[in-house]
Amino acid sequence: MKFQGRLPLKVFITGASSGIGEALALEYAARGARLGLAARRAEHLQALNDRLGGAHACYPLDVADAPALHLAAEDFMARFGVPDIVIASAGVSAGTLTECEEDLPTIRRILDINVYGMAASFAPFIPAMRTAPEASRRRLVGIASVAGIRGLPGAEAYSASKAAAIAYLESLRLEMRAADGPRVVTIAPGYIDTPMTTVNPYKMPFLLPAGEAAKRFAAVIERGSSYAVIPWQMGIVAKLLRLLPNWLYDPLFTHAPRKPRGLPPLTAPDR
């Protein structure tokens, strides 16, 4: 389904200061969209807006702060109108071990941003998007991960958060479908070359540049696909992982490489 007759597009993106969010901002700005750019680092948002000509709205906030997102949504819609696309891209990752009690705050923070933050990003926009003309042509987009397909060792919080995000988005998709509301698009990236993956001390198969990933994401969003794994090679891997019985999966992945422990500071980049 094409976005025809409603140009320029109005797109609100969380996690826009770096990684996937920044790449999507660049992609949609190149298409002439009016953007709402939300992330924690104000200086990076302003620098991005300056690169894009300064015509967009910047919202320095934490996606775990629902009232701040509500105010941002109100301001964005007052300035540009009801969005065509809302993309919940903000996310953080870190290695975690439940046996280490000092990791519990990190586990909570990852779940707050990656799950609660996604719902908080959509909530203030949904009423207006549901009642807007051609509601079914609008999009709520959640960036999940193939890490949510099966639990990965040393990534208890991240895998749990992305599995929860996938299930949350599926539930939301059914609710929006029943109400003739906006389409919900779940994108589960594999390895994308972003600040989040540069710290990984292991080889990452099918690593995709962020700019190319953004183009592929935008194509999925325009089609309104309910679920997509990008790149496609990781989609095959994901399907195979779903099929593996535990007796085979466990010995294969018990000693898989692990992401370093410790959540980055709040000023660190998303994704």
Side-chain angles (χ1 to χ4, degrees), residues 14-15 17-21 38-42 44 60-69 88-123 142-172 186 188-192 194-204 234 237-238 241-242 244-271:
T14 68
S17 64
S18 66
I20 290 173
R40 290 167 294 174
R41 298 176 300 164
H44 287 263
L61 55 79
D62 188 316
V63 294
D65 185 347
L69 275 162
S89 180
V92 291
S93 175
T96 51
L97 293 174
T98 304
E99 67 196 67
C100 300
E101 287 195 35
E102 63 270 25
D103 283 7
L104 290 176
T106 301
I107 291 171
R108 172 173 283 181
R109 181 67 178 160
I110 290 172
L111 291 170
D112 279 349
I113 295 174
N114 295 2
V115 185
Y116 178 78
M118 183 176 288
S121 298
F122 293 149
I143 306 300
S145 171
V146 294
I149 303 300
R150 297 292 301 256
L152 298 176
E156 295 149 358
Y158 188 68
S159 285
S161 74
K162 292 307 180 179
I166 291 170
Y168 161 74
L169 289 163
E170 185 165 57
S171 294
L172 181 64
T186 302
Y191 291 112
I192 311 298
T194 70
M196 180 181 283
T197 58
T198 56
V199 301
N200 291 344
Y202 48 81
K203 184 177 179 180
M204 293 171 282
M234 287 303 294
V237 173
L241 288 178
R242 281 198 192 101
L244 286 181
N246 291 346
W247 63 263
L248 181 56
Y249 178 80
D250 290 1
L252 287 175
F253 282 85
T254 294
H255 300 293
R258 288 155 165 76
K259 183 180 285 287
R261 289 172 57 220
L263 189 67
L266 296 184
T267 54
D270 294 324
R271 293 203 178 275

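These figures come from a predicted structure and were not determined experimentally.
Residue G21 comes nearest to S89 through the heavy atom pair N-OG, 3.4 Å, listed as atom of the first residue, atom of the second, then distance. Nearest approach of P153 to F253, heavy atoms of both residues: CG-O, 3.1 Å. A pairwise comparison of heavy atoms in V115 and S161 identifies CG2-O, 3.4 Å as the closest pair. Of all the heavy atoms in A94 and T106, the pair that sits closest is CB-CG2, 4.2 Å. Closest approach of I113 to G91, counting heavy atoms only: CG2-CA, 4.0 Å. Y249 and G151 get closest at one heavy-atom pair: OH-O, 2.6 Å.
Remark: side-chain polar atoms of S159 are paired, donor with acceptor, to backbone N or O of L152 under 3.5 angstrom. Judged by distance alone, with hydrogens and angles left aside, the side-chain atoms of T14 form a donor-acceptor pair with the main-chain N or O of A90 at under 3.5 Å. R150 places a side-chain N or O within 3.5 Å of a backbone atom of L244 that can act as its donor or acceptor partner. D112 places no side-chain N or O within donor-acceptor distance of the main-chain N or O of G117, the cut-off being under 3.5 Å. Remark: the backbone N or O of A157 is paired with a side-chain donor or acceptor of T96 at under 3.5 angstrom.
In this structure, OG1 in T186 is found 9.0 Å from CD1 in I143, a value given to the nearest 0.5 Å. One distance of note links CD1 of I110 with NZ of K162; it measures 10.0 Å at 0.5 Å rounding. To the nearest 0.5 Å, the span separating CG on L104 from CG on L97 amounts to 11.0 Å.
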Trace of the side chain to side chain contact (heavy atoms under 4.5 Å, CB included) decision for N114 with V92: CA-CA 7 Å; N114 295 2; V92 291; 4.0 Å; yes
Side chain to side chain contact (heavy atoms under 4.5 Å, CB included) for I166 and I149? Distances and angles first, verdict last. CA-CA 9 Å; I166 291 170; I149 303 300; 4.2 Å; yes
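With respect to the salt-bridge test (charged N to carboxylate O, under 4.0 angstrom), the residues D62 and R109 qualify.
Around the CD atom of E102, the shell of radius 6.0 Å holds more than 12 heavy atoms that belong to other residues, nucleotides or ligands.
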